[in-house]
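Single-structure report; data block below.
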There are 2 protein chains.
Amino acid sequence: MSIPAIGTKGVPRPRREAQIVRVATAEFGARGYARASVAAIAARSGISKPLVYQYFGSKDGLYLRCLTEVADALLDRLTDAEQRVDDSVASRIHVLRALFEALEPEPAAWRLLYDPSMPRTGRIAAKARHYRARTEAIAAAGSQRFLAARGITDPEDAAALAALWMGVVDSLVTRWLTGPKQSAAQMTARCERLLAAVWS
Amino acid sequence: MSIPAIGTKGVPRPRREAQIVRVATAEFGARGYARASVAAIAARSGISKPLVYQYFGSKDGLYLRCLTEVADALLDRLTDAEQRVDDSVASRIHVLRALFEALEPEPAAWRLLYDPSMPRTGRIAAKARHYRARTEAIAAAGSQRFLAARGITDPEDAAALAALWMGVVDSLVTRWLTGPKQSAAQMTARCERLLAAVWS
DNA sequence: CTCCGAACTGACCTGACGGTCACTTACCCT
DNA sequence: AGGGTAAGTGACCGTCAGGTCAGTTCGGAG
């Protein structure tokens with residue numbers, strides 16, 4: 001191999017970790033935290049279970065790592081896109097485009113953020129809450145602005161609209177990863193068409 | 001007791017079954033299929049695990065029973081409400097009202113239909129697919145009509161809009177059962193207000 | 001009184017899964 | 001050559017949840 005080979009299989013730790021994280025993200029996304037098994041992730045990575053534990057400490061540690069990598073990348077793009085959104089409904093397309101593009105390599109990753117089968121307490125729950133709070137803050141700010149421009153100031157209404165918008169986003173992603181295979185660009189175009197139709 | 005007492009605790013089977021189903025629906029809805037345990041359901045019902053198995057055969061059997069009862073009642077009201085919906089966005093409120101009213105006694109029941117932690121194969125998956133298909137058919141018919149009235153005939157677009165609408169519904173219900181406690185009437189009013197604002 | 005059947009349970013089995021340990025293999029440095 | 005260290009594993013343990021069995025307690029029918 002061209003890469004300096006170290007150890008029994010010659011795969012250095014950073015490379016191995018990245019590979020495990022990739023496999024684990026797909027597995028967690030597809031089966032959920034509760035139903036995903038470490039042994040299966042190890043097998044699909046071509047290694048044995050103890051190595052996963054040596055590198056990530058625990059199932060929680062592995063999930064945490066996947067979650068942070070996914071969520072950090074996602075939130076970066078989302079905050080960036082949100083700044084291109086104004087008071088119009090149509091401008092929301094920027095958020096959707098950013099989402100689809102960020103998720104294109106591994107759409108199932110989206111499920112990590114809102115997996116209902118993950119533990120309710122502990123480090124995972126805390127981190128997930130943190131990311132959810134950040135996402136909601138973005139959505140809430142946008143909703144509040146949107147409603148204020150239309151003369152509605154009730155914060156409960158803004159929260160409800162934010163929840164609604166996130167539900168829309170979630171449903172679109174879900175359809176993306178369960179329905180027929182499509183590119184991010186196709187999804188964006190379809191959403192643009194729909195947005196125009198519903199507000200015609 | 002006034003009720004004819006039969007057996008060691010004097011609770012006749014139909015009454016016991018109804019009680020178990022009620023407890024199990026709440027448990028499945030709150031914790032999801034994977035995290036809900038039969039022993040816990042039995043304990044919360046004041047009986048032992050073997051009785052649950054005697055009456056329902058298996059965890060799947062119990063879930064199936066809860067699912068059918070919830071979904072049948074829900075779909076009845078939904079099909080009924082859908083007939084009051086015309087081409088306007090505002091008329092969609094009828095569907096939401098029906099949903100909130102049907103779910104008022106046990107909002108968590110909604111989760112049974114779309115629990116991602118349920119098995120992917122077998123009787124449960126089949127039944128859930130069946131109900132989901134029926135729900136989607138209702139939503140798809142409405143979406144198709146809605147888009148046709150606006151000059152869009154692509155069936156993929158209609159399917160996407162149906163998914164989107166169901167996402168809206170799901171997010172509203174989710175917010176209902178995680179957020180501050182509110183009556184079905186309050187939720188309906190809020191949605192009516194939001195609907196009017198977003199399309200102003 | 002006695003038998004039958006229905007309601008009900010303590011104790012057990014089994015398999016899966018998270019997690020650990022002792023141990024091996026292979027490279028690098030001196 | 002030989003030790004140090006990192007990569008890697010087979011075999012094991014504890015726990016917990018789904019599922020089963022043998023058996024007990026009661027009311028009612030004859």
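Each chain gets a letter, A, B and so on, in the order its sequence line appears, and its residues count up from 1. Here the structure is a predicted model, which means the values were calculated and not measured.
Evaluation of the side chain to side chain contact (heavy atoms under 4.5 Å, CB included) rule for B:Arg132 yields B:Tyr114, B:Met118, B:Ala128, B:Arg129, B:Glu136 as partners, not counting sequence neighbours.
Note: A:Tyr63 and A:Tyr33 have perpendicular aromatic rings, judged against thresholds of 30 and 60 degrees for the angle between ring planes.
B:Glu27 is listed as a side-chain neighbour of B:Arg31, based on a closest heavy-atom distance under 4.5 Å.
Cation-pi geometry between B:Arg97 and B:Phe100 is not met: the NZ or CZ atom fails to fall both under 6.0 Å from the ring centre and inside 45° of the normal. Remark: B:Arg150 is positioned above the aromatic ring of B:Phe146, its terminal NZ or CZ atom under 6.0 angstrom from the ring centre and at most 45 degrees off the axis.
Following rounding to the nearest Å, B:Arg31 (CZ) and D:dA17 (P) show an atom-to-atom distance of 9 Å. B:Lys9 has its NZ atom 7 Å from the P atom of C:dC8, to the nearest Å. Atom C1' of nucleotide C:dA6 and atom CZ of B:Arg15 are separated by 16 Å, given to the nearest angstrom. When the C1' atom of C:dG18 is taken as reference, atom CZ of A:Phe56 falls 16 Å away, rounded to whole Å.
Of the residues in residues 33-55 of chain B, those lying under 4.0 Å from DNA chain C by heavy-atom distance are B:Ile47, B:Ser48, B:Pro50, B:Leu51, B:Gln54, B:Tyr55.
With DNA chain C read from its 5' end, the first of the two nearest nucleotides for B:Arg16 and A:Asp60 is the one closest to B:Arg16.
The pair B:Arg193-A:Glu156 does not meet the salt-bridge criterion, since no charged nitrogen lies less than 4.0 angstrom from a carboxylate oxygen.
Residue B:Arg13 places none of its side-chain N or O atoms closer than 4.0 Å to OP1 or OP2 of C:dC8. Contact annotation: B:Lys59 side-chain N/O to D:dG18 OP1/OP2 distance is under 4.0 Å.
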